[in-house]
Each structure stands twice: as C-alpha cells, then as structure tokens.
Colleague: 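Submitted below is the structure of interest, expressed as structure tokens.
First listed ligand is number 1; within each ligand, the first listed atom is number 1.
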Amino acid sequence: MSELSSSLPPLSFDLSNMAVFLDFDGTLVDIAERPDAVIVAPATKRAMDQLSTTLSGALAIVTGRNISDIDRFLEPLHLPVAGVHGLERRSHGGALSAYPVDAALLESVAERLAPFLAAEKGLLLERKRSSIALHYRARPELKDACVAAIDRATDDLGGIHILRGKMVIEAKAGSSNKGDAIDAFLGEPPFAGRVPLFAGDDVTDEDAFAVVNRRGGISIKVGPGETSASYRAGSIDDFLGWLELIADDLERANGA
Ligand SMILES: [Mg+2]
C-alpha cells in the first residue's frame, strides 16, 4: 500500500478553546487481531493527560467500545467517555447515562448467531450492554458471510441498528451515534462553549464529522477512505505525532 500523506491542522492553530474528542481503535491504537490485545503507548497517554489538563478537562473518548474497556486501556487516566457508539456516556463529572436497552432482544440475536459461530473458527462475538459485535479480524475473508449472518439474525427484529466498521459488524439496540454523543458533551461543562475537534478512522465516525463540521469545528480522518472530514492524518503514527506536538505546545502556552 502506498504511503498516504497527511494534511493536519498546522501547529500554529490555537487549540486552547477546543473541546477534543477522540475515537479509540484505529485512531489511538492499531487494530489488533483480538480486540483486547491493543496497547496504548505511554507517549499517547501522556499527551492525553496534558491535553485534558490544559483544556480544563474538555477531552473525551468517543468509541464503539464499552466505557470500562477504555478505562482499562488508558489507566491511570479516567476520562469522559461515550461508549458503544453513543449508546452509553460518562460525563466529565462522572455521571453515567445509557440508552434504555431491550436485553431480551440482544439475547435472541446472540442465540441466532450461535450456530454460525460454532461452524466458523476465529470469529469473536462480543457482548456489550447495548450491542452485540461480531468481530472477524482473524477471518477477514468471512466478511460477506458475517454480514449475511447478522442480517438473517436481525431482519425481523425492530429496534436493532446494524453498524459496519473495520473488521466488525455490530447489532445495536438503539439509534444513538457518535455525533449525538458529541452534541450531548457540548451541552455540558467543561465542553460547552468550546469548539469541537474530532479524530476518527472509520465509517462509523462520519456521524461525528458531520456534527463537528456543522459546528464549525475541526474534523480529522485517520488513514485512508472517503470522508467528510476536513483534515487527514495519513496514518495512526502521523496522528499521534501531531497530537503529542500540540499537547506539548498547549502545555507550554499554559505555563507561560
Ligand atoms: Mg476507530
């Protein structure tokens, strides 16, 4: 694959009044063979710690993961998080809000998928409170079969929303998305009154780019693919390098 060049906001950009929202997988860490095998680099944690401090806490993770997973990966940081693509959210003050979920509905999706999972090795079914995710990272050739299996398992069920991401197909028990989560954060302190910046890598991040663009913020696509984002990082490393530089810059400006 050829190198994709980056067009990131210049370092002279004043980020001091920004609210920063970051996707996790494919943005802060590489997609690993198993979802639990990712590791956040110490330099990345340090940059997020700096940013959170200099932005008065206006830094949040907006992810498809469970909130508890993000806490574990980012330890000792404990940031505001929107989990499961906006179906769950923890505010800066620590208040949890979650979309009401029909657990029996998700249970029946899992039961219907069981024979497919038993027949194909290497697939992983991840149960979250508000969704079921079918990961095929270890069997990428099964993508179409996985899409068909999820469709079969859900096509007569109301209230289920299908989301296709990188190496994963997800059945969500609600329609909230990452854009809704950013809107909700921006209605609360310390995010309210700030200009949003969001970085993400996947098709599921386009809802967030749309909200950020509408609000006159900065949208950054990480890696290849069509996007409505206004900036692009060619790779995760390019993005993290930029994030570390602006975190240092902001910290210096704050201390001056
Ligand atoms: Mg991602």
Colleague: Regarding S16 and D14, is there a side-chain donor-to-acceptor distance under 3.5 Å anywhere?
Modeller: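 On atom types as modelled, these side chains qualify, holding a pair under 3.5 Å.
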Colleague: In the shown structure, where waters are left out, how many protein N, O or S atoms lie under 2.8 Å from the Mg ion (ligand 1)?
Modeller: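 Near the Mg ion (ligand 1), the number of protein N, O or S atoms below 2.8 Å is 3.
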Colleague: Using only heavy-atom distances, determine whether the side chains of S91 and E188 contain a donor-acceptor pair under 3.5 Å.
Modeller: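 There is no such pair (donor and acceptor under 3.5 Å, judged by atom type) between the side chains of S91 and E188.
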Colleague: Angle between ring planes, F73 versus F24, binned at 30° and 60°: parallel, tilted or perpendicular?
Modeller: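 Parallel, since the angle between the ring planes stays under 30°.
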Colleague: Going by atom types only, do H135 and E126 share a side-chain donor-acceptor pair under 3.5 Å?
Modeller: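 Checked: H135/E126 side chains pair up, N/O donor to acceptor below 3.5 Å.
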Colleague: Please state whether the rings of Y231 and F13 are parallel, tilted or perpendicular, taking 30° and 60° as the class boundaries.
Modeller: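 Y231 and F13: perpendicular rings.
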Colleague: For residues W242 and P9, determine if any side-chain heavy atom of one lies less than 4.5 Å from a side-chain heavy atom of the other.
Modeller: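 When only atoms from C-beta onward are counted, P9 and W242 do touch, with a gap below 4.5 Å.
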